[in-house]
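Structure first, commentary second.
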Amino acid sequence: MNERRGRTVAAVMAVASVALTALGLLIQLRLPPDWQPEFPVSPDLGVGLTFAPVGAFLVAQRPRLILAWLMCAGGLLGAGNQISGMVLLHVASRGDLDVAGVLRWLDVACWAVAGLLLAIVLPLYSPTGRLPSRRWRPVVVAGVVATLAEIVVIVARPTPDPARYRLPAVIPNPLAIEALAPYYDQVVSALAYAIAGCVVAALLSLVLRLRGADPVTRRQIAWPLIAFAGYVVFYLPGLYLPGASMVVPASVWTAVIPLAIFFSALRYRLYGIDTVISRTFVAAGLLAVVGGVYFAASGLAGLLASGYHQVAGVAAAVLSGAFFQPLRRALQRAIDRMLYGPVGDPAVLADRLTQEVRLAGPADALASVVAVVRDGLAVGGAAVEVTGGRPGHVASGDVGGSPREIALVWHGEPVGRLLIGEPEQRRFAAAHDERVIATLLPHVADVAHAVRMASDLQRSRERILAAREEERRRLRRDLHDGLGQTLSAMAMTVNVARLSLGRSPSTADELLRDLGAGMDAVTGDIRRLVYGLRPPALDDLGLAGAVRALAEEAPPAAEVVVEGETSGLPAAVEVAAYRVVQEALTNVRRHARAERVRVTLSRDTELRVTVTDDGIGLPEDRRAGVGTSSMRERAAELGGSCVIAAAPGGGTTVEARFPLASPAEPPVPDGLTAAPIPTAPSSDFPAAPEGSAAGPSPDSPAGSGTSASPDAAPGRRPPLLPPS
């Protein structure tokens, strides 16, 4: 019930404040010209229109917040000053000077107390509604004493000299103390300086609290700090420069202060105040410099091209535009250094990160990247998680239970995540960080991709070594269990036949016939081993001829197009390309139901193998099978790529690319076969018929025969004039 009553009271104060201010402004517009105030607007106008409404809204959200009630009271008093001052002048202009003299006391009281509440007490209690500590109580006491003394002295104002009086008639003061006449101006000035000291002390309290606060509280304090600091900039010159033009900007700035307190008190997203400062300075610098360059260039062009104003304007615009972007970058870097120091400069961080990456391998570089990101963002921890890489997680510090996650994307491919912990206390967690993140993120993604590539390379090496050992094991088994046993048996048969030749020629003849059949079997075994190491067609016909032979094996017959010279290719590339075409044609004949197939071999700086058909295309729910994976692995082992996609006019396209770094064949790891095994002439080893045991599956480990290099791949009005 009390909270509801409080909200009602605050709402009434807000409505009254706005209504009184509007009424005072209306009266001011109807005053005779001689009785118009010296300045058309005053800070109390902004106070009356904004402080109480914002304070009432804060009361509705947090009824016990003392800041809200200070704003409501200060706003209502500012409106009271506005209405009482205008009524005073209106009454005096009609000749009721005695009534105006009494209204002057109300005007003085509202003006002074509003300044006390909004310029001294409100900053001291911002943003939490409590004093920073007890040692700040003397500032409040000094402000109250100086304000009361100022009210008493101005209320007891002696009769002024009519020659120095601004208004057409002197407003009498029933409580005038004429003995104060020789000292009145000096006493009022001294009290104004005392109050100004209290205002500066209140601002200093915000500065001191800012230094030891956590990042969120810093941003919360920064809003009222910047708001009150701006007001002080307009307020202090009024003490030394009476009649200066600071009243209008001070009036406008005063109306902004409640909004800053609103954001601060409610912590409404705590919009980056440091970003506001940064952009303000950058915009001001751009406006000043570009404007100066424009006018200088315009004037110079006007002198050199007299009578050609269009030329001068175009020249000035072009020159200003040329200055704009470099100047913006320079100003942004200067402001970043001013706000955050060298460690927060995105360009410096990027240079540092580049140097770290150059001096380390992928895994160590990732740790350096994480350390630079953590230092540049001033967070408690940072980490990078690499998808499919080793190490998969590298961290610096503690990212906490709910870190910010940013996807790492390298050329459209997700490669991991960047995890950012909570900000530390040494500076803001600001939108400036977005510039740091935007600068460093590409570098982080590059290093994460390098880690993945290094892991893929390591896994590829492991697979190559495993395949090599498996091939050796298979060869050993085949040679020992197959050829070895067969040759041993044949040797025994030869010995028996030789012994039987003299005694039983028929027996020897039968043994020799069995020996011939055994030799045919050995021939088939040797042919199978040789074909498993490297297709003989590559040695007999070359790559283009071997591919044409594949194209003619079964329907539909494929058209083979050769672009460039295909001879002299590395043996590993020839085998990989042959196996890719073989697997692609097998898939077409089994699944595509195609009528036309086209195989293209193209060589320039790389060998491109393309197999296109007009079949039914790829199924929507397709999964990569053994053959598809085999094609991709063969290309990847040599640093190339294999893409299987739908053809533009229907059907499927398989495109494999194999880089050709140099005409020389790349080095081959020990134990791998990269050159053809010397064999007997093809007439002695006829090709195995289709489907026979001599033709291994292209997906079998022994069917590759490939080799790859392991290295591939406030409310106080400035006292310009005391109340009349």
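For the single chain, residues carry numbers from 1 onward in sequence order. A quick note: this is a predicted structure, and the numbers were derived from the prediction, not measured.
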Here the pair of heavy atoms bringing Ala382 nearest to Val370 is O-CG1, 3.0 Å
Which residues share a side chain to side chain donor-acceptor pair (under 3.5 Å) with Trp136, sequence neighbours left out
none
Residues which pass side chain to side chain contact (heavy atoms under 4.5 Å, CB included) with Arg209, listed by chain and number, not counting sequence neighbours:
Pro127, Pro132, Ser205, Leu206, Ile221
d(Leu191 CG, Ile151 CD1) to nearest 0.5 Å is 11.0 Å
Side-chain heavy atoms of Phe51 within contact of Leu70, under 4.5 Å
no
Could you give the distance from CG (Asn173) to CG (Leu97), rounded to the nearest 0.5 Å?
12.5 Å
To check you understand the geometry: which heavy-atom pair defines the closest contact between Met71 and Pro258, and what is its length?
CE-CB, 3.6 Å
Thr159: side chain to side chain donor-acceptor pair (under 3.5 Å) partners, not counting sequence neighbours
Glu178
Under a 4.5 Å cut-off applied to non-hydrogen side-chain atoms, are Val444 and Ile406 in contact?
no
Can you find a heavy atom in the side chain of Leu67 that is under 4.5 Å from one in the side chain of Leu58?
no
Could you tell me which non-hydrogen atom of Gly143 sits nearest to which non-hydrogen atom of Ile120, and how far apart they are?
CA-CD1, 4.0 Å
Please confirm whether the backbone N or O of His90 pairs with a side-chain atom of Ser93, one donor and one acceptor, at under 3.5 Å?
yes
Residue pairs, two or more places apart or on separate chains, that pass salt bridge (charged side-chain N to carboxylate O under 4.0 Å, His left out) and touch residues 189-200:
none
Leu148 vs Leu116 side-chain heavy atoms within contact, under 4.5 Å
no
When you compare the side chain of Trp111 with that of Glu150, does any pair of heavy atoms fall below 4.5 Å?
yes
Which atom names give the shortest non-hydrogen contact between Trp35 and Ala92, and what distance separates them?
CZ3-CB, 3.5 Å
In chain order, what residues pass the side chain to side chain contact (heavy atoms under 4.5 Å, CB included) check against Leu106, with sequence neighbours excluded?
Ser84, Cys110
Interatomic distance, Phe228 atom CZ to Leu204 atom CG [nearest 0.5 angstrom]:
14.5 Å
What pairs of donor and acceptor atoms, side-chain ones from residues 10-34 against any protein atom, are under 3.5 angstrom apart with sequence neighbours left out?
from, atom 1, to, atom 2, distance (Å)
Ser17, OG, Gly48, O, 2.6
Ser17, OG, Gly75, O, 3.2
Thr21, OG1, Ser17, O, 2.8
Gln28, NE2, Pro40, O, 2.7

Residues which pass salt bridge (charged side-chain N to carboxylate O under 4.0 Å, His left out) with Arg7, listed by chain and number, not counting sequence neighbours:
Glu3
Mind listing the closest non-hydrogen atom pair of Leu418 and Ala383 along with its distance?
CD1-O, 3.4 Å
With sequence neighbours left out, what residues match Val99 under side chain to side chain contact (heavy atoms under 4.5 Å, CB included)?
Val91, Asp96, Leu103
Looking at residues at least two apart in the chain, or sitting in another chain, which of them share a side chain to side chain contact (heavy atoms under 4.5 Å, CB included) with Ala448?
Val386, Leu408, Val415
OH (Tyr125) and CG (Leu117) are apart, to the nearest 0.5 Å, by 11.0 Å
Under the rule for salt bridge (charged side-chain N to carboxylate O under 4.0 Å, His left out), what residues qualify as partners of Asp98, not counting sequence neighbours?
none
With sequence neighbours excluded, residues passing side chain to side chain donor-acceptor pair (under 3.5 Å) with Arg135
Ser133
Check the pair Ile171, Tyr165 against side-chain contact (heavy atoms from CB on, under 4.5 Å), reporting the backbone distance first and the verdict last.
CA-CA 10 Å; Ile171 297 177; Tyr165 200 67; 3.7 Å; yes
Side-chain (Arg157) to main-chain (Tyr184) donor-acceptor, under 3.5 angstrom
no
Indicate the atoms forming the closest heavy-atom contact of Ala114 with Leu77, along with that distance.
CB-CB, 3.7 Å
Pairs flagged by salt bridge (charged side-chain N to carboxylate O under 4.0 Å, His left out) wherever residues 182-206 is involved - sequence neighbours left out
Arg164-Asp185
